[in-house]
Q: 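Before I ask anything, here is the structure I am working with.
Note that this is a predicted model, so its numbers are computed, not measured. Numbers here are sequence positions counted from 1. The basis for the numbers below is simple: all heavy atoms, side chains too, and nothing from hydrogens, waters or symmetry mates. Start at 1 and go down the list; that is how both ligands and their atoms are numbered.
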Amino acid sequence: MVQIFLDTASLKEVEELSQWGIADGVTTNQKIFLQEGGVDFRKRVVDICNVVKGPVSVETTKHGVQELLQEAREYATWHKNVVVKVAMYGNGSGLRVVSQLTREGIKTNMTCMMTFNQLVLATKAGATYVSLFYNRSKEAGENPAQIVKDYVAFAKENGYASRLIVGSIRTVEDVSTAIAAGAHIMTIPTKILLQMPFNQRSEDTIKEFDDAWEKFLAMRQVEAKPISR
Ligand code: E4P
């Protein structure tokens with residue numbers, strides 16, 4: 001069953017969308033936090049963890065293996081549901097960090113990935129989650145729907161437990177295409193999630209049924225009237 005994560009750091013959005021019964025976790029990054037203005041970073045992460053009751057990805061911001069490890073270990077103390085996001089740096093330092101954190105039992109989400117090969121490396125390094133950036137990958141000339149299909153088959157065939165998160169979602173069609181391709185998890189921005197329950201034909205159908213019900217109730221009132229003499 002596909003899981004849905006909320007791609008937001010807004011506590012209000014997490015609180016509201018959690019009530020839909022569809023939110024299995026949350027993902028954040030530096031750009032997402034920028035939209036929250038000057039909030040207390042740690043407090044917001046913990047507040048989100050206390051609402052969503054699932055993994056909450058928090059991205060490392062430092063550079064260099066030791067600095068990243070230090071930051072990741074600190075995040076991991078904030079809440080049991082924190083998952084540390086580490087970027088797929090071109091020099092392999094992110095892989096070293098993920099590999100070490102895995103040995104320490106810290107859950108990781110390897111992020112900023114555009115290609116199948118990057119996903120494979122992150123998986124082999126032990127990442128709990130591997131994040132494919134759907135639209136950024138497409139903009140880089142890749143075929144992200146095919147990457148999703150290939151990765152899901154690769155992970156299954158080889159018995160890897162890493163879960164594929166598909167992020168960088170811009171339209172409701174991206175969501176359905178990636179789910180159909182086999183994505184384990186979709187992380188969806190609030191703007192897109194809010195569009196997903198809506199379909200004009202559903203709205204028209206609900207209106208048609210409401211109108212029929214009004215007529216039905218009016219008919220019963222006529223029937224219930226006492227016979228006048
Ligand atoms: C989620 O983990 C990603 O950080 C996010 O989906 C990236 O989205 P963007 O490409 O819109 O920045």
Side-chain angles (χ1 to χ4, degrees), residues 2-11 13-14 17-18 22-36 39 41 44-45 48-49 52 54-63 68 71-72 75-76 79 81-90 94-95 97-98 101 106-116 118-119 121-123 125 127-145 147-148 151-152 162-179 181 183-196:
V2 70
Q3 289 194 307
I4 292 179
F5 287 0
L6 310 175
D7 207 12
T8 180
S10 159
L11 187 59
E13 290 173 11
V14 172
L17 292 168
S18 289
I22 50 92
D24 300 298
V26 168
T27 50
T28 65
N29 62 32
Q30 297 87 330
K31 272 188 76 181
I32 287 171
F33 260 99
L34 179 62
Q35 289 168 31
E36 295 304 301
V39 293
F41 180 41
R44 175 59 59 90
V45 169
I48 290 173
C49 288
V52 81
V56 175
S57 287
V58 187
E59 190 149 346
T60 45
T61 62
K62 307 284 187 219
H63 295 275
L68 283 165
E71 193 178 28
Y75 289 174
H79 194 283
N81 288 347
V82 165
V83 172
V84 181
K85 261 181 155 183
V86 180
M88 174 57 86
Y89 295 105
L95 287 165
V97 171
V98 165
L101 293 174
I106 293 175
K107 292 204 171 84
T108 55
N109 173 354
M110 190 134 219
T111 190
C112 298
M113 294 193 282
M114 313 294 157
T115 69
F116 176 79
Q118 290 176 321
L119 295 174
L121 292 177
T123 302
T128 319
Y129 300 94
V130 295
S131 285
L132 176 68
F133 277 24
Y134 196 88
N135 274 289
R136 290 180 191 255
S137 165
K138 199 188 279 181
E139 287 155 9
E142 300 285 340
N143 177 347
I147 294 175
V148 172
Y151 178 80
V152 170
S162 304
R163 307 272 296 154
L164 174 64
I165 303 179
V166 179
S168 190
I169 293 301
R170 311 253 162 91
T171 66
V172 291
E173 289 76 24
D174 293 339
V175 177
S176 40
T177 310
I179 292 176
H184 300 144
I185 301 163
M186 298 299 304
T187 189
I188 308 175
T190 304
K191 187 176 156 226
I192 305 303
L193 203 46
L194 290 175
Q195 294 169 34
M196 285 171 59

Q: How many angstroms lie between atom CZ of R44 and atom OG of S10, to the nearest 0.5 angstrom?
A: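 Answer rounded to 0.5 Å: 6.5 Å.
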Q: With side-chain hydrogen bond (donor to acceptor under 3.5 Å, both in side chains) as the test, would you mind laying out the steps for T61 and E71 before giving the verdict?
A: CA-CA 8 Å; T61 62; E71 193 178 28; 2.6 Å; yes
Q: Identify, chain by chain and in numerical order, each protein residue with a heavy atom under 4.0 Å from an atom of ligand 1.
A: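 Within the 4.0 Å shell of ligand 1, which is judged on heavy atoms, sit D7, T27, N29, K85, F133, R136, G167, S168, R170, T187.
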Q: Side chains of D174 and T177 only: does a donor on one sit below 3.5 Å from an acceptor on the other?
A: no
Q: Report yes if the distance between the aromatic ring centroids of Y89 and H63 is under 6.0 Å, otherwise no.
A: yes
Q: Which is it for T108 and Y129 under the side chain to side chain contact (heavy atoms under 4.5 Å, CB included) test, yes or no, and what are the steps along the way?
A: CA-CA 6 Å; T108 55; Y129 300 94; over 6 Å; no
Q: Can you measure from NZ (K85) to CG (N109) and round to the nearest 0.5 angstrom?
A: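 The distance works out to 5.5 Å.
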